[in-house]
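By convention in this document, chain letters (A, B, ...) are assigned in the order of the sequence lines, proteins followed by strands, and residues within each chain are numbered from 1.
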There are 2 protein chains.
Amino acid sequence: MSHAEVDDLVQRARAGQSRALGRLISLVEDASPRLRDVAAELTPHTGHARVIGLTGPPGVGKSTSTSALVTALRAQGRTVGVLAVDPSSPFSGGALLGDRVRMQDHALDPGVFIRSMATRGHLGGLAWATPQALRVLDAAGFDVILVETVGVGQSEVDVISLADTTLVLLAPGMGDGIQAAKAGILEVADVFVVNKADREGTDQTVRELKHMISLGRREKEGPSWRPPIVRTVASRAEGMTELVAAVDEHHDWMREHGELSARRRRRAASEVEAIAVEELRGRLGDVRGGSALVDLADRVLAGRTDPYTAADELVAGLRPRR
Amino acid sequence: MSHAEVDDLVQRARAGQSRALGRLISLVEDASPRLRDVAAELTPHTGHARVIGLTGPPGVGKSTSTSALVTALRAQGRTVGVLAVDPSSPFSGGALLGDRVRMQDHALDPGVFIRSMATRGHLGGLAWATPQALRVLDAAGFDVILVETVGVGQSEVDVISLADTTLVLLAPGMGDGIQAAKAGILEVADVFVVNKADREGTDQTVRELKHMISLGRREKEGPSWRPPIVRTVASRAEGMTELVAAVDEHHDWMREHGELSARRRRRAASEVEAIAVEELRGRLGDVRGGSALVDLADRVLAGRTDPYTAADELVAGLRPRR
């Protein structure tokens, strides 16, 4: 792909053409060397979109909730980009098929763009790819970008926590999980959503969440955001107005308290760092034409050196010795 | 902790003291600076253990299967270390509590060591921590190490695929998921386990798996391992003898075809690379006392530079300019 073709693609993506948008995100998936040009052209046009992360354990209704949120945001006239991250996990395929069916409600709406993104095989993984895909959607002018993680692994949660606002979905009857994992959930959640709130056990789940939130607050100093708990039944679009209101309230709070720019700075720093780390990883793989790492691995296997000393030697190989 | 204390800890771990083993794995979780000493002392004593990875979607019976496998291996007189990776995910806490209960069957057996490992917060994550924890258990002399991933995210699957033998667990009635994700599963599975094989739909799941495996084989050249499918009912310890036999058969096949050393070389290379990358990530964070990354992030946010150019500048900062 020539520089002129990249230029054309970026112009068409910014004009709202979904196919061009889709191709740009494919470049991210493929870790294309053209991304450097893409990023240079996109960056001046970014910073408008609100990025909302949405995560939660399997079966909690993430895709149904995403779809219902899209509908609620569209009703307010806001345009929405949806990025479903890491369908590449061997186990999320089934859920993804389900997503696509639900998402068909929005297929004919030009104000909505939906895309799943696979990053499997690229070492930098989600931390490298997600901010770059967000940059594409941001530059394309969407008012809101929803990032949904299909998996529940470590990298997925790390990435979702880079959103402006992170929604953590739970469903009634998951009390044990909440108790055991409260530290982890407290860290990433800006808004808790108890979905399937027409089911038995909803009150108890809300009560446990409240208790957990109050414990978390005592440990913090200064003004801090208290994550609200919104009850929804996404399959019937119940509670979505309240959910959008909670997200907007969090956004306003962050803007007032300087937290919005702090978070976006963290996201940008994380993006820059991930690109730099991948550049260095590539160079490590090239030390002595790639033979250095193989030789060092063999020496570690034979017990002749330890992995830390081997890593030192690999890093030292980055610089030509004088 | 002094060098002498590390030395003592390593000696006691190698003598089979669980508390010392546990403390060494805590050092890995905490990314302790002492790991360099630990690795230097452990490395000469490694290479004995067979590493078996065990993964699969939630609800498939991973911990029950792990526990049943431990029992079957112990019946043959083999010692077993179990490493449950990434209970740090906000959502795996519930499952973990369940694990612990099931694992209590083995609590009094000195030939079994069970430990869960959390790595959340350390950027190198599972790719950095898991091989180092395996090294601890390997040097302690266990015949078999079972690595179980609780999550189903990208990093979890990447890590489990570094085992000598990877078991992918499925359960009847997951046909859609298998179809959609066949490429990903084929990649990592050495042995398929259809657990809960007393349930309806088992034959269909086995049939679909067979079809998938036959498709995968056509694409490969040379002698290749055909992943067997073992039916189990782990809760009643059914099929475990067959499962252990399949794992041993895979091990023998790898040894005959040079694949065992190739895999272990990949694991060692991945460990060395992960340590080197983390060293470089640390240095990137220190460029201009940490202010470089913050400044660059601000410039990206303001649209004055793009993340690739910023990353170049950060990497250039690693070397003193002349």
Side-chain angles (χ1 to χ4, degrees), chain A residues 35-36 39-40 43-44 46-47 57-58 86 88-94 96-97 119-120 125-126 151-157 174 176-177 180-181 184-185 188 264-265 268-269 271-273 275-277 279-281 284 293-294 296-298 300-301 303 305-311 314-315, chain B residues 35-36 39-40 43-44 46-47 57-58 86 88-94 96-97 119-120 125-126 151-157 174 176-177 180-181 184-185 188 264-265 268-269 271-273 275-277 279-281 284 293-294 296-298 300-301 303 305-311 314-315:
Chain A
L35 285 176
R36 182 173 282 272
T43 303
T46 49
D86 202 19
S88 63
S89 161
F91 306 116
S92 60
L96 238 214
L97 289 179
T119 64
R120 190 162 172 71
L126 301 177
V152 291
Q154 174 180 301
S155 6
E156 288 75 6
V157 173
M174 305 179 65
D176 283 355
I185 285 185
V188 300
R264 290 184 171 183
R265 185 183 290 133
E271 182 181 10
V272 169
E273 192 202 53
I275 292 171
V277 165
E279 162 66 23
L280 290 168
R281 194 199 299 275
L284 287 176
L293 185 52
V294 176
L296 289 164
D298 279 340
V300 170
L301 273 187
T305 191
D306 69 87
Y308 281 84
T309 307
L314 191 63
V315 168
Chain B
L35 285 176
R36 184 174 281 271
T43 305
T46 49
D86 202 20
S88 61
S89 160
F91 305 118
S92 61
L96 238 214
L97 289 181
T119 65
R120 190 162 171 73
L126 300 179
V152 292
Q154 173 180 300
S155 5
E156 287 75 6
V157 173
M174 306 181 63
D176 284 357
I185 286 187
V188 299
R264 290 186 170 181
R265 185 183 290 132
E271 181 181 10
V272 170
E273 192 201 53
I275 292 170
V277 164
E279 162 66 24
L280 290 168
R281 194 198 302 273
L284 287 175
L293 185 52
V294 176
L296 288 165
D298 279 339
V300 170
L301 273 185
T305 190
D306 68 88
Y308 280 85
T309 307
L314 190 63
V315 169

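Of the two parts of A/Ile275, the backbone and the side chain both hold a non-hydrogen atom closer than 4.5 Å to a non-hydrogen atom of chain B.
Taking every heavy atom of both residues into account, B/Asp306 and A/Arg36 meet most closely at OD1-O, 4.4 Å. Minimum interatomic distance between A/Ala297 and B/Ala269 (heavy atoms only, all atoms of both residues): CB-N, 3.6 Å.
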Chi angles and distances behind the side chain to side chain contact (heavy atoms under 4.5 Å, CB included) call for B/Leu293, B/Leu314: CA-CA 7 Å; B/Leu293 185 52; B/Leu314 190 63; 3.9 Å; yes

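Looking only at side-chain heavy atoms (C-beta outward), B/Asp298 and B/Val294 come within less than 4.5 Å of each other.
Note on A/Val272, A/Thr46, A/Thr305: by heavy-atom pairs under 4.5 Å with chain B, the leading option is A/Val272. Between chain B and the options A/Leu301, A/Val300, A/Thr309, heavy-atom pairs under 4.5 Å are most frequent for A/Leu301. Ranked by heavy-atom pairs under 4.5 Å with chain A, the first of B/Pro307, B/Ala310, B/Gly47 is B/Pro307.
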